[in-house]
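Values reported hereafter were calculated over all heavy atoms of this structure, with side chains retained and with hydrogens, waters and symmetry mates removed. Whatever order the structure lists them in is the order used to number ligands and atoms, beginning at 1.
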Amino acid sequence: MDLTKELELCIRSRFPLICIQSHEEERVIDVLNGLCESRRTPLVMWDHADFFQTLSGDAREGLRAKDPLSALEAVERAGGELVFLLRDFHQCWDNQPRVIRKVRNLAQQLKYTKKTLMISLPGGRLPPELRDEAVLIDVPPPDYHDLERILEHLLSTPKVRWEGDEGTRDRIIRSALGLSSSQAQRVFAKAIVSNGVLDERDIELINQEKSQIVGESGALEYIAPNAGLADVGGLENLKAWLRLRERAFGAKARDYGLPEPKGVALIGVPGTGKSLTARMVASLWRVPLIKLDMGALFGQFVGESEGNLRRALHLAETVAPCVLWIDEIEKGLSMGGGDGGTSQRVFGAMLSWMQDKRRPVFVVATANDVGRLPPELLRRGRFDETFFLDLPHAGERREIFEVHLRKRKRDPAGYNLDLLVTASEGYVGAEIEQTVIEAMYIAFNDGDGREFTTDDLMQALKKLVPLSRAQKERIADLRSWLVEGRAQSASYREAREASRRFVPIEAQR
Ligand SMILES: Nc1ncnc2c1ncn2[C@@H]1O[C@H](COP(=O)(O)OP(=O)(O)OP(=O)(O)O)[C@@H](O)[C@H]1O
Ligand SMILES: [Mg+2]
């Protein structure tokens, strides 16, 4: 229900005490003001700094109080039909049993009058003593249409230039979802002032604003989108799957009836780009990336861990549409074998949230210890797809070499890639990157920082023992997932066939 209707219903139903939980004081006051004006009921506000002020209706004489108790007494004495709004009152009742008792007494008395007492609680809590007396209203953040109105209002100002089509407009509004009205207003204005126009580029600025909200929770971390499609070599099948869903969070997709994608599980060999892909999805879709640290959820008190998870997921939903990245999800499960089942419960809560979530939070879960993954995690309905990231095949290794050479401002054409690709069979992306860095060190220290060559890269390759050789059994075990068809290959099939034939050199002996 929208805020105006909800407040009106409360006032009409003569609830004596209404607590409004919101950080958006201005919006609450606006709504209340409009409501009181239309009902012709005076609205009087009190706070610690300015004491009583009449907001709508004739100024009230004789209302004076400099402390919370006197303010409550003044409310008690006032006559006629009146709405009172007490601001920041949660600060007044912390450790103040007399204030709490007075509010409680007053709530009981006001039932027989035409007075309504409202208390705004930005982030504060309702004392348990008041739970029976008060109606608690949790003000939801502005929805799509509220934000659309705010944007429209700004765009109607004569000097504002607007560049973009319907799709851009839709993405700008969606990226602001989760912000409060004043935050949205501020960030839209900032975006316009920065370069005089509001366009596609401003989505990043809006995402930055959202990152600050996310930073307030310990288990969540906002990660600036810093990896694009060009930073990932190979994995064409996975990339194609993601590209197909690029516009899935837009209004057009919704009107078309497309379901919003839920998430993807990335399983596979260490160092093949699972974490890298998580970062890429967010940039590709231009939505914020939030990383959930399962380990940071666990607290020492009973129920604390579940509470932490609930808060973190709620926050992620507030920022939606977004990508929620759960790295090494299997670690969250093993947080303690002897923790009285806490990790099992937290994991269970996580699974049911994944199944039932209403907001567009796209979950990217990565894992490389499949043995520890509970089978129910990958059951249909939680993830849209499970991808397996295998040892890269020749074509992929070529691309990965190119990515990392370009990243270091070197032209790949200056190297014998055919040779490198053949020599790097069994090496994963992370190892290829390491090879490039190692070759740079070799050349840099050899004389006057000479340029590194194919030979240096070959030497670096030889120095490094890839995991596929060092931990043969473990990697073979992992790859059985793919062979058994429990996951889709992140690379294309033909390539997969070729790479499946790969047998580590030692095994051939
Ligand atoms: N396909 C790839 N293309 C380009 N670079 C890659 C690729 N795979 C890995 N890398 C490089 O290796 C680094 C480490 O990879 P990443 O952390 O994504 O691996 P991972 O699969 O998450 O490994 P782990 O299972 O150990 O967490 C990346 O930051 C990137 O520089
Ligand atoms: Mg990783």
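Close contacts between ligand 1 and G233 involve ligand atoms 1 (N), 2 (C), 3 (N), 4 (C) [criterion: under 4.0 Å to a heavy atom]. When each atom of ligand 1 is checked for a heavy atom of R279 under 4.0 Å away, the hits are 29 (O). Residue contact check: E328 has heavy atoms under 4.0 Å from atoms 27 (O) of ligand 1. Remark: ligand 1 atoms within the under-4.0 Å shell around heavy atoms of S275 are 17 (O), 18 (O), 20 (P), 22 (O), 27 (O). Below 4.0 Å from some heavy atom of E433 lie the following atoms of ligand 1, by number and element: 11 (C), 12 (O), 13 (C), 30 (C), 31 (O).
Residue contacts with ligand 1 do not include E399, since none of its heavy atoms lies under 4.0 Å from the ligand. For D231, the closest heavy-atom approach to ligand 1 falls below 4.0 Å. The closest approach between H404 and ligand 1 falls below 4.0 Å for a heavy atom of the residue. Under a 4.0 angstrom heavy-atom cut-off, G234 registers as lying outside contact with ligand 1. Heavy-atom separations between T272 and ligand 1 include at least one value shorter than 4.0 Å. Residue contact annotation: E396 has no non-hydrogen atom under 4.0 Å from ligand 1.
With respect to the salt-bridge test (charged N to carboxylate O, under 4.0 angstrom), the residues R169 and E152 qualify. A salt bridge links R408 with E433: at least one charged nitrogen is closer than 4.0 Å to a carboxylate oxygen. A salt bridge links D390 with R479: the closest approach of a Lys/Arg side-chain nitrogen to an acidic carboxylate oxygen falls below 4.0 angstrom. Ionic pairing of D146 and R149 is present here: one or more N-O contacts between side-chain nitrogen and carboxylate oxygen are shorter than 4.0 angstrom.
Considering both main-chain and side-chain atoms, G273 comes within under 3.5 Å of ligand 1 through a nitrogen or oxygen pair.
Side-chain contact check for I432 versus L420: every heavy-atom pair is 4.5 Å or farther apart.
Remark: side-chain polar atoms of E24 are paired, donor with acceptor, to backbone N or O of S181 under 3.5 angstrom.
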